[in-house]
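Structure first, then comments.
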Amino acid sequence: MTKTIHFVRRASIVLSLVLGAQALPTSAQNIQLHYDLGRYTHPEVQASRPRMTATLEQQSLDRWGDTFYFVDMSWLDQGAVAANWKFMRNLRFWRSPFSWHVRYDGGLRFVAPHAPSPALSSRAISIKDAFMTGGTYTYLSSDRRLMLSLSLLYKYIKGHGKPHNVELCPVWRYNSPSGLLTASGFISLWTEQDDRMGWGTNFKLMSQPQLWVNLNRLKGFARDFNLSLGTELRISRNIDAPQWICAPTLALKWSFK
């Protein structure tokens, strides 16, 4: 997987953008396990797509803003074949819906995990580091059930032929009145030249909407049974393939509170 798949994994990145420490616990962590159906929905271009991805996320709030990070790991039959991590910080020294956003993306992956030669299959490469900074505007409804944000960022991709780029990212999160359902997601659109044969593009797009059913809101489940069942739809263009890819997952999430 590329580093963008993890952009956000994490679609729960929305937690890092909520206004005010009173809106959320000062620290929250969850672990997700996704069974990816992309190789079945797009067998012609995604035959080697990893089936399983695990995501560890944590966000914390303080008087000067909020911090969010995640680590993704993806597996094939022989074991882990990709890892990706993201660290971001929103700085807010004032009372305003605007914040200063800084972010780092990185990771590594195996070049040819299905190659018959052990030497080839064991060779890993580093995903190019990306550093971002810019501004974020966040809207939070009065009942704190709906959050919408929009970030406009300068993106520097280390080692890229054209390292200076721009990224636009709207993010959303909604909790149903009963707390049974949680919907979240993002759309990330950024400039990045890709001259590979058959690609020939200068932009990339990734969106990962998620929907969760929180079992502790159902009758018969304890309130501290923080297991959620859900799905994620990974929509991309010019990332996993030059065409549109729409790959659903089946997912479990445990929230540590």
Side-chain angles (χ1 to χ4, degrees), residues 1-17 30 32-55 57 68 70 72-75 81-82 84-86 88 103 105 107 109 127 130 132 136 146-153 155 157 165-174 181-194 196 198-213 228-253:
M1 286 189 177
T2 63
K3 64 185 178 183
T4 52
I5 287 184
H6 35 307
F7 183 145
V8 276
R9 238 76 160 74
R10 348 335 33 16
S12 296
I13 125 182
V14 295
L15 293 177
S16 69
L17 303 173
N30 72 76
Q32 302 175 21
L33 185 63
H34 291 260
Y35 183 77
D36 195 303
L37 301 174
R39 61 167 57 201
Y40 306 114
T41 58
H42 300 82
E44 69 287 356
V45 292
Q46 298 283 276
S48 62
R49 189 182 182 105
R51 292 185 179 90
M52 303 298 298
T53 297
T55 301
E57 297 180 338
F68 175 84
F70 75 79
D72 269 353
M73 292 192 69
S74 298
W75 284 271
V81 295
N84 167 252
W85 42 86
K86 181 182 297 292
M88 63 186 71
R103 185 190 309 168
D105 293 351
R109 62 183 175 84
I127 297 171
M132 284 160 272
T136 295
L146 174 65
M147 188 281 296
L148 302 170
S149 76
L150 181 66
S151 298
L152 181 60
L153 307 170
K155 183 172 186 175
I157 304 175
N165 295 275
V166 177
E167 181 167 315
L168 182 68
C169 182
V171 178
W172 64 90
R173 181 179 179 86
Y174 174 75
L181 299 176
T182 300
S184 61
F186 68 89
I187 302 172
S188 182
L189 175 65
W190 70 98
T191 59
E192 181 180 347
Q193 184 171 315
D194 193 330
R196 285 178 291 177
W199 293 57
T201 66
N202 56 14
F203 80 94
K204 295 182 182 291
L205 182 144
M206 169 66 74
S207 181
Q208 292 178 329
Q210 293 185 340
L211 180 64
W212 298 100
V213 177
S228 301
L229 306 180
T231 183
E232 176 180 273
L233 193 61
R234 300 183 182 179
I235 304 168
S236 66
R237 177 73 186 271
N238 301 327
I239 295 175
D240 302 313
Q243 63 264 54
W244 286 99
I245 297 293
C246 186
T249 73
L250 303 175
L252 299 173
K253 178 174 71 171

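One-based numbering along the sequence shown. Note: hydrogens, waters and symmetry copies are ignored here, and every other heavy atom, side chains too, is used.
The two residues Arg49 and Gly38 make their nearest non-hydrogen contact at CD-CA, 3.6 Å. Residues Thr41 and Cys246 share a closest heavy-atom pair of OG1-O, 3.7 Å. Contact between Phe186 and Val171 at its shortest, heavy atoms only, is CB-CG2, 3.9 Å. Nearest heavy-atom pair across Ile239 and Trp199 is O-CH2, 3.5 Å. Contact between Trp75 and Thr53 at its shortest, heavy atoms only, is CZ3-C, 4.4 Å. Closest heavy-atom contact between Ser236 and Met206: CB-CE, 3.9 Å.
Asp105 is listed as a side-chain neighbour of Met132, based on a closest heavy-atom distance under 4.5 Å. Using a 4.5 Å heavy-atom threshold, the side chains of Phe70 and Asn84 count as touching. Within the 4.5 Å cutoff, side-chain heavy atoms of Met52 are placed close to those of Tyr35. Between Asn202 and Asp194 there is no side-chain heavy-atom pair separated by less than 4.5 Å. Contact check for Pro50 versus Val81: side-chain heavy atoms found under the 4.5 Å cut-off. Residues Leu152 and Val166 are in side-chain contact: their nearest non-hydrogen atoms beyond the backbone lie under 4.5 Å apart. When side chains are defined from C-beta on, Ile187 counts as touching Trp172, because their heavy atoms get closer than 4.5 Å.
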Practice problem: Please step through side-chain contact (heavy atoms from CB on, under 4.5 Å) for the pair Leu229 and Leu252, ending with a clear verdict. | Solution: CA-CA 5 Å; Leu229 306 180; Leu252 299 173; 3.1 Å; yes
Exercise. Before giving the answer on salt bridge (Lys or Arg N to Asp or Glu O under 4.0 Å), spell out for Arg234 and Asp240 the whole-Å C-alpha distance, their side-chain angles and the decisive distance to 0.1 Å.
Key: CA-CA 10 Å; Arg234 300 183 182 179; Asp240 302 313; over 6 Å; no
Quiz prompt | Thr136 vs Leu150, side-chain contact (heavy atoms from CB on, under 4.5 Å): CA-CA, chis, key distance, verdict | solution = CA-CA 6 Å; Thr136 295; Leu150 181 66; over 6 Å; no
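In this structure, Gln243 CD and Asn238 CG are separated by 9.0 Å, a value rounded to the nearest 0.5 Å. Here the straight-line distance linking atom CE of Met147 with atom CZ of Arg173 works out to 8.0 Å at 0.5 Å rounding. Of the inter-residue distances, the one linking Leu205 atom CG with Ile245 atom CD1 reads 12.5 Å to the nearest 0.5 angstrom. One finds the CG atom of Leu168 at 12.0 Å from the CH2 atom of Trp190 (value rounded to the nearest 0.5 Å). Taken from CG in Leu153 to CZ in Arg103, the straight-line distance is 5.5 Å, to the nearest 0.5 Å. From Tyr174, atom OH reaches atom CG of Leu211 across 12.0 Å, with rounding to the nearest 0.5 Å.
Side-chain contact annotation: Asn30 with Gln32, donor-acceptor N/O pair under 3.5 Å present. When only modelled atom types and interatomic distance are considered, Thr55 and Asp72 share a side-chain donor-acceptor pair under 3.5 Å.
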